[in-house]
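Bear in mind that the values here come from a model prediction, so they are computed numbers and not experimental data. Residue numbering restarts at 1 for every chain, and letters A, B, ... go by the order of the sequence lines.
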2 protein chains.
Amino acid sequence: MMKEDKTLSIGGLSKLTGCNIETIRYYEKIALLPAPLRTQGGHRLYSNSLQKRLIFICKARGLGFTLEEVRNLLELINGDYSCDEVKHLVLEHLNVVKTKIDELARLQSSLELMASQCAGGDLPDCAAIDSLFEKE
Amino acid sequence: MMKEDKTLSIGGLSKLTGCNIETIRYYEKIALLPAPLRTQGGHRLYSNSLQKRLIFICKARGLGFTLEEVRNLLELINGDYSCDEVKHLVLEHLNVVKTKIDELARLQSSLELMASQCAGGDLPDCAAIDSLFEKE
DNA sequence: TATAAAACCTGTAGTAACTACAGAATCAAG
DNA sequence: CTTGATTCTGTAGTTACTACAGGTTTTATA
């Protein structure tokens with residue numbers, strides 16, 4: 001028995017992937033997801049391979065890749081990619097993520113410092129605020 | 001001797017704050033930075049108090065506050081704010097930042113796992129990629 | 001089978017926080 | 001006084017979507 005190709009409506013695909021309907025149509029518009037077949041009434045019907053492609057897109061987005069990065073990954077995969085190339089993109093992205101974490105961590109310390117300088121209470125006077133008005 | 005009020009052109013202000021010119025005009029357009037006086041030719045002239053206000057905006061943005069949050073902070077400060085109110089906003093924002101750090105940290109692990117599954121080499125076959133095409 | 005409700009269609013506009021022009025006017029230096 | 005740098009306004013583009021409006025199709029129920 002062969003696995004039949006269960007097509008899905010856009011709503012079904014949305015449920016499957018967690019990606020919402022307008023977003024799916026948006027991905028089609030920017031040619032990230034190929035245009036699917038239609039019913040004779042014009043409703044979209046997604047084949048199994050399109051379903052997989054959207055799953056990929058959503059997961060990669062969830063990992064913080066930009067749409068352009070996702071596009072690159074998909075092109076790589078559709079051509080004859082090498083594991084090296086993929087790994088390269090992943091590691092590059094990993095660096096972006098690490099940098100963001102560092103920035104946020106610095107930011108966290110600044111905010112904590114700010115909160116600690118803020119004595120609290122009703123007084124209209126706050127060292128934390130004052131410091132924000134000074135250059136340097 | 002009183003401190004004179006050294007006005008700045010928009011370019012000077014841009015240099016002082018590191019905020020670029022179009023952004024300064026943008027802040028004016030959205031009424032975050034009040035409209036400054038003009039030369040008779042129509043060029044903007046920024047008073048000391050506007051300079052301070054922009055410094056504040058830039059610093060708060062640098063701390064990751066959204067423009068709306070910055071607007072709230074400024075209103076608070078211009079009204080008769082209490083230290084409590086400010087502290088509240090700061091702590092709230094601190095939570096947002098912490099949450100973002102957590103998310104990114106999770107993302108970092110996923111990417112590290114992905115990279116480690118990627119064997120490297122020229123082979124067009126990658127467990128890391130394959131996993132992205134599966135649901136769940 | 002008729003009809004009503006749910007899902008879907010296209011196209012446009014809005015979101016955040018800017019950036020990037022084009023084409024004209026003004027300012028500062030020599 | 002001229003030339004080059006700066007500034008002016010206004011509009012459109014960016015990223016990654018979301019939110020309509022107003023109409024058609026599909027599906028479920030009576």
Side-chain angles (χ1 to χ4, degrees), chain A residues 6-33 35-47 50-51 53-54 56-74 93 96-97 100 103 107, chain B residues 6-33 35-47 50-51 53-54 56-74 93 96-97 100 103 107:
Chain A
K6 255 206 165 164
T7 62
L8 287 178
S9 69
I10 198 168
L13 184 60
S14 173
K15 256 164 217 146
L16 177 73
T17 58
C19 182
N20 90 36
I21 291 180
E22 5 268 310
T23 306
I24 298 174
R25 285 197 285 249
Y26 170 70
Y27 288 162
E28 181 180 331
K29 194 160 106 191
I30 64 169
L32 192 59
L33 192 62
L37 294 176
R38 303 277 184 130
T39 64
Q40 87 276 45
H43 287 196
R44 290 171 176 83
L45 278 182
Y46 291 92
S47 68
L50 286 181
Q51 292 168 32
R53 194 171 163 111
L54 184 59
F56 180 93
I57 294 168
C58 292
K59 285 200 180 181
R61 286 289 300 132
L63 289 171
F65 288 94
T66 65
L67 290 183
E68 272 325 292
E69 287 170 327
V70 176
R71 204 189 287 280
N72 288 342
L73 280 170
L74 282 168
H93 184 59
V96 172
V97 171
K100 259 186 211 156
E103 276 168 15
L107 214 143
Chain B
K6 255 206 165 163
T7 62
L8 287 179
S9 68
I10 197 169
L13 184 59
S14 174
K15 255 164 219 146
L16 176 73
T17 58
C19 181
N20 89 37
I21 291 179
E22 5 269 309
T23 304
I24 297 175
R25 284 196 286 248
Y26 170 70
Y27 288 162
E28 181 180 330
K29 194 160 103 191
I30 64 169
L32 192 60
L33 193 63
L37 294 176
R38 303 277 185 131
T39 64
Q40 86 275 46
H43 287 198
R44 289 169 177 84
L45 279 183
Y46 291 91
S47 68
L50 286 181
Q51 292 168 33
R53 193 170 165 113
L54 184 59
F56 180 92
I57 294 168
C58 293
K59 285 200 180 183
R61 288 289 299 131
L63 290 171
F65 288 95
T66 66
L67 290 183
E68 272 325 291
E69 288 171 326
V70 175
R71 204 188 288 280
N72 288 343
L73 279 170
L74 283 167
H93 184 59
V96 172
V97 170
K100 259 187 210 154
E103 276 167 15
L107 215 143

- Query: At under 4.0 Å, does any side-chain N or O of Y27(A) touch on OP1 or OP2 of dA16(D)?
  - Reply: no
- Item | Phosphate contact (dT26(D) OP1 or OP2) by Q40(A) side-chain N/O below 4.0 Å | yes
- Using whole Å, report how far CG of L67(B) lies from P of dT15(C). 14 Å
- Message: If I take atom CD in residue E28(B) and atom C1' in nucleotide dT9(D), what distance separates them, rounded to the nearest angstrom?
- Response: 12 Å
- Just checking I21(B): base, sugar-phosphate only, or nothing, at a heavy-atom cut-off of under 4.0 Å? sugar-phosphate
- Query: Just to confirm, is there a sub-4.0 Å distance from OP1 or OP2 of dT24(D) to any side-chain nitrogen or oxygen of R38(A)?
  - Reply: no
- Item | Which atom of T7(A) lies closest to which atom of S47(A), heavy atoms considered | CG2-CA, 4.3 Å
- Message: So, OP1 or OP2 of dT9(D): does either fall under 4.0 Å of a side-chain N or O from R44(B)?
- Response: yes
- To the nearest Å, give me how far apart OH (Y26(A)) and P (dT14(D)) are. 10 Å
- Would you kindly compare G41(A) and K29(B) by the position of their nearest DNA chain D nucleotide and give the one closer to the 5′ end? K29(B)
- Message: Rounded to whole Å, please give me the gap between NZ in K15(A) and C1' in dA6(C).
- Response: 10 Å
- Rounded to the Å, how far apart are F65(A) CZ and dT15(D) P? 18 Å
- Query: More 5' along DNA chain C: R61(B) or H43(B), using each one's nearest nucleotide?
  - Reply: R61(B)
- Message: Below the 4.0 Å mark, does dT10(C) have OP1 or OP2 next to a side-chain nitrogen or oxygen of R25(A)?
- Response: no
- Nearest non-hydrogen partners of L74(B) and R53(B), listed with the distance: CD1-NH2, 3.7 Å
- Determine: side-chain N/O of T23(B) to OP1/OP2 of dT19(C), distance under 4.0 Å, yes or no. yes
- Item | Whole-Å distance separating the CG atom of L32(B) from the C1' atom of dC18(C) | 13 Å
- Query: Can you tell me how far C1' of dT7(D) sits from OH of Y46(B), to the nearest Å?
  - Reply: 11 Å
- Message: For a quick test of reading the model: is some side-chain N or O of S9(A) closer than 4.0 Å to OP1 or OP2 of dT26(D)?
- Response: no
- Message: Rounded to the nearest 0.5 Å, what separates atom OG1 in T23(B) from atom CG in L33(B)?
- Response: 11.5 Å
- Message: Using the rule given for side-chain contact (heavy atoms from CB on, under 4.5 Å), can you reason through I10(A) versus H43(A), listing the C-alpha separation, both sets of side-chain angles and the distance that settles it, and then say yes or no?
- Response: CA-CA 8 Å; I10(A) 198 168; H43(A) 287 196; over 6 Å; no
- Starting at the 5' end of DNA chain D, which residue's closest nucleotide do you reach first, N20(A) or E22(B)? E22(B)
- Is E28(B) salt-bridged to R25(B), going by a charged N under 4.0 Å from an acidic O? no
- Message: Check the phosphate of dC27(C) against T39(B), side-chain N and O only, distance under 4.0 Å to OP1 or OP2. Yes or no?
- Response: yes
- Message: Rounded to whole Å, how long is the line connecting atom CD1 of I24(B) with atom C1' of dC8(D)?
- Response: 14 Å
